[in-house]
Amino acid sequence: MELMLNKLKNTVTKVTADVTSAVMGNPVTREFDVGRHIASGGNKLAWKIFNGFKKSTKQEVAVFVFDKKLMDKYQKFEKDQIIDCLKRGVQQLTRLRHPRLLTVQHPLEESRDCLAFCTEPVSASLANILGNWENLPSPLPFDIKEYNLYDVETKYGLLQVSEGLSFLHSSVKMVHGNLTPENIILNKSGAWKIMGFDFCIQSINPSEQELKFSSKEWDPNLPSLCLPNPQYLAPEYILSVSCETASDMYSLGAIIYAIFNNGKPIFEVNKQDIYKSFSRQLDQLSRLNSSNLQNIPDDVREHVKLLLNVTPAVRPDADQMTKIPFFDDVGAMTLQYFDSLFQRDNLQKSQFFKGLPKVLPKLPKRVIVQRILPCLTSEFVNPDMVPFVLPNVLLIAEECTKEEYIKLILPDLSPVFRQQEPIQASNMILLIFLQKMDLLLTKTPPDEIKNSVLPMVYRALEAPSIQIQELCLNIIPTFANLIDYPSMKNSLIPRIKNACLQTSSLAVRVNSLVCLGKILEYLDKWFVLDDILPFLQQIPSKEPAVLMGILGIYKCTFSHKKLGITKEQLAGKVLPHLIPLSIENNLNLNQFNSFISVIKEMLNKLEAEHKTKLEQIHVMQEQQKSLDITNQMKPLEESKVSSTGNQVDKTFSNIGMLTSGPDCKENGLMTNQRKGSLTLEEKQKLAKEQEQAQKLKNQQPLKPQPHAVIAPVKQAKDLTDTLRDNIASLTTQPISKPKVPSSSSFSSVGIGMGFSSSVENTKRNGLNANMGFQPSGFGMGIATTSQNFFGNTGVTGMANMNMLPTANMPSYSPLNTTSPAVQQSRQPDMSALDSLFGPQKPKVSMNQLSQQKTNQWLNQFAPPQGTNSCPLGTQMNVMGQTGFGLQGNPFFNPQNFTQPTNSMVNSSSASKDLNDLFG
């Protein structure tokens with residue numbers, strides 16, 4: 001690989017050195033920079049063709065160079081003959097000016113080493129295209145090696161040559177004398193141009209109708225560069241030493257034959273015996289038939305046969321050849337019209353450009369790029385013609401690669417982007433560009449988009465023409481994905497909003513909203529919420545189309561996965577805006593239904609999101625409450641308070657603490673502070689209680705003993721007296737020995753005041769049994785002395801009435817009753833009851849309680865279905881109207897509790913009290 005690169009480098013270096021040495025010192029190099037060797041042309045392809053630029057204007061040119069080293073084998077007089085012949089041809093070409101003749105930009109200049117002159121830019125000679133690569137650089141240029149002539153190129157090229165011959169024969173009265181593929185040059189645009197006037201012959205009688213030309217006899221002793229190419233010469237040149245305009249037509253027929261036969265001439269001529277070769281050729285021409293011309297197209301075959309006829313008078317002249325049907329091709333006629341475009345007025349041009357889009361798809365890309373595109377872009381200097389030319393240029397741009405577009409089209413389009421005069425033409429240009437905006441944004445470099453394309457879009461949004469604004473708004477969504485985000489956010493969106501607010505056209509306002517709705521997906525969520533949605537509330541119009549446009553933007557934002565509207569926005573801004581719009585009188589039924597449908601969707605989302613949030617907060621609060629309650633219960637389980645009086649005080653103090661609502665945690669904190677500041681006596685007392693609780697924990701359960709019969713108690717006048725009497729009776733009566741129930745029977749019973757037996761057992765056993773009634777989910781009751789709760793005190797106290805969720809209440813072991821002796825030894829401390837039923841808490845009579853409707857009370861305070869707890873902060877009057885009702889309470893089910901086998905002796909007073917309480 002490295003060897004190949006070195007070889008290529010050496011070759012290029014050698015070629016560059018040859019060019020430098022050949023042209024160095026020639027006056028042409030003073031004004032022109034000579035570039036790469038690209039082709040060869042002229043007689044025997046003796047002229048090397050280089051590309052170049054004019055130093056002053058940077059105009060592209062072709063530099064023809066004849067290196068005198070080619071004449072080293074000749075003698076001096078022969079060299080002079082060759083130089084004279086070459087000079088004559090270039091000088092004659094320089095004097096002639098015609099579109100079908102190669103245009104000379106700088107006349108011939110001679111130096112010690114070379115001859116040189118400059119022409120219009122060229123690509124190759126026809127001989128190079130047909131495969132004659134003599135005097136070409138090595139390696140062979142790719143453009144020449146892979147160049148294939150299209151039919152339209154061949155047709156129009158031959159037409160151009162015919163027109164050039166017509167000019168020479170009719171106007172100049174001249175015979176070319178050496179018309180060959182070497183002397184036909186293809187310029188950069190692909191046009192065929194005639195050169196090589198080394199052997200041209202001027203008419204002797206130019207003023208007469210029948211022209212006469214003098215001819216010289218063929219001299220085989222002259223250098224080859226001083227003789228025409230015999231393979232394309234008419235027979236009369238050699239056999240009769242005569243020529244006329246028809247002789248050039250024979251050469252044209254031979255060229256046509258070579259083009260359709262891969263560059264092979266119709267006859268091979270032996271230069272050593274040229275007369276014999278031409279005699280044989282004459283005989284073959286007289287017997288020429290269609291089989292010899294089978295490669296030539298049918299529609300020109302007969303004309304070629306006539307051109308190759310032995311008799312010059314039979315041959316068609318140049319003017320007749322330009323009119324044959326073979327050249328009546330749409331592509332050829334189109335190219336011909338472009339060549340004569342400068343002769344047309346604006347009306348003719350505009351009509352031609354309007355029909356051109358139908359022809360362009362039928363032409364090869366190279367022909368369009370080389371021949372048509374330069375002609376079109378040259379018309380951009382005429383502002384009135386730009387609206388007619390521009391659609392064709394953009395149509396060609398669609399078929400070009402991005403590189404071709406940037407190189408060939410964009411430089412000419414840049415001034416058109418900024419054209420604003422005349423106004424009518426400027427508006428037309430905006431419309432055309434907007435229709436092809438996706439093409440422009442796809443192939444135009446980002447810098448040029450920012451500097452030229454987008455400013456044109458902004459100008460269209462601000463244009464006074466409603467049609468342009470509508471078209472711009474309709475087209476923007478098609479290329480919105482190609483616009484960079486900062487340009488869209490800072491330049492495009494503000495102009496769309498201004499167009500919507502400031503216009504007096506309903507169509508523009510509606511299209512603005514539709515445009516915004518379509519490009520929402522390319523915007524940032526918070527930009528939409530903070531900029532687009534507030535803008536909707538500024539729109540003053542109330543037409544149904546505008547309202548539906550507003551609804552559409554809301555709906556797109558609401559339902560889009562990337563965007564979405566927050567519930568705060570829904571509740572605070574969106575719904576307060578949409579709901580009044582939904583009842584506008586201009587809306588029909590379907591439009592109203594659309595509004596209501598979107599509003600319902602938003603409300604459902606708002607409800608679902610906020611409900612979910614509240615449920616999560618509620619769950620977190622309940623978990624925190626459970627944790628707090630557990631922390632509060634641990635000291636109670638560990639302390640095992642033994643003193644009945646202290647226990648009652650602490651029980652009621654805890655009731656107040658836990659039912660005091662927001663002050664619950666505060667009271668617990670104060671209690672802890674008091675524990676931290678205990679006196680020595682209190683600490684000793686607490687230590688004894690703990691020691692006693694430990695003993696009770698380790699001792700065996702006591703066997704239940706039979707209760708003494710409770711004396712009848714008079715019926716209490718009211719609830720307070722009854723409750724006091726019952727509590728007093730509990731402290732004096734003997735307790736029977738019930739069978740200890742299993743711990744599972746009390747697994748669901750909390751520290752609150754709850755009955756452990758059914759209502760019937762309660763009536764039978766009086767208040768010595770565990771009394772449980774839990775209205776509305778609250779647990780409250782009077783608990784007997786318990787080994788686990790009070791220790792071995794033998795005194796019945798009031799339990800904490802904590803309003804706790806049932807599921808969170810700790811389970812306790814069965815309550816063990818104490819002996820009558822212990823009960824009699826200690827009197828209960830009733831100070832807590834005195835404070836509870838003091839003057840600040842009025843007593844409730846049984847008559848007042850009987851007037852209340854139990855079912856209504858239950859319905860009022862019953863928790864919702866599926867709720868197992870109530871707020872911790874809810875306060876409950878222990879003996880107030882929230883009191884006692886068991887019927888219909890879903891939380892009280894006597895069947896859930898195990899009854900002791902040995903029931904206590906019924907107390908008549910207790911039974912009456914229970915009858916009064918529970919009915």
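We count residues from 1, following the sequence as given.
- By the side chain to side chain contact (heavy atoms under 4.5 Å, CB included) test, L581 is found to be paired with K542, L547, I550, H577, F595, residues two or more places apart in sequence or in another chain being considered.
- Taking the charged nitrogens against the carboxylate oxygens, K365 and E399 have no contact shorter than 4.0 Å, which rules out a salt bridge.
- Between the side chains of N128 and S125, a donor-acceptor pair is found at a separation under 3.5 Å.
- R459 and L430 make their closest contact through NH2-CD2, 3.8 Å (heavy atoms, listed as atom of the first residue, atom of the second, distance).
- The CD atom of Q469 lies 11.5 Å from the CG atom of N474; values are rounded to the nearest 0.5 Å.
- For K518, the NZ atom counts as loosely surrounded, since its 6.0 Å shell holds 12 or fewer non-hydrogen atoms of other residues, nucleotides or ligands.
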Show me the side-chain donor-acceptor pairs of residues 598-606 shorter than 3.5 Å, one per line, residues at least two apart or across chains.
| from | atom 1 | to | atom 2 | distance (Å) |
| --- | --- | --- | --- | --- |
| N604 | ND2 | K600 | O | 3.2 |
| K605 | NZ | I565 | O | 3.4 |

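- In this structure, I475 CD1 and D438 CG are separated by 9.0 Å, a value rounded to the nearest 0.5 Å.
- Between I406 and P445, the shortest heavy-atom distance links the atoms CD1-CG, 3.8 Å.
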Side-chain donor-acceptor distances from residues 486-493 under 3.5 Å, at least two apart:
| from | atom 1 | to | atom 2 | distance (Å) |
| --- | --- | --- | --- | --- |
| S487 | OG | D484 | OD1 | 2.9 |
| S487 | OG | D484 | OD2 | 2.9 |
| N490 | ND2 | P486 | O | 3.2 |

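- The ring of F352 has its center closer than 6.0 angstrom to the ring center of F338.
- Taking the centre of each ring, H106 and F117 stay at or above the 6.0 Å mark.
- Around atom NZ of K555, no more than 12 heavy atoms belonging to other residues, nucleotides or ligands sit under 6.0 Å away.
- Considering all non-hydrogen atoms of both residues, M437 and V457 come closest at CE-CG2, 3.5 Å.
- Taken to the nearest 0.5 Å, the CZ atom of F53 stands 5.0 Å off from the CD atom of E60.
- Under the 6.0 Å distance and 45° angle rule, K155 counts as a cation-pi partner of F326.
- Taking all atoms of both residues into account, the shortest heavy-atom contact from I432 to P387 is CD1-O, 3.3 Å.
- Among all heavy-atom pairs drawn from F327 and L159, the shortest one is CE2-N, 3.6 Å.
- Closest non-hydrogen pair, I38 versus V122, comes out as CD1-O, 3.4 Å.
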(message) Before you tell me yes or no, could you show the steps for L356 and F388 under side-chain contact (heavy atoms from CB on, under 4.5 Å), namely the whole-Å CA-CA distance, both residues' side-chain angles and the distance that decides it to 0.1 Å?
(response) CA-CA 10 Å; L356 186 59; F388 302 99; over 6 Å; no
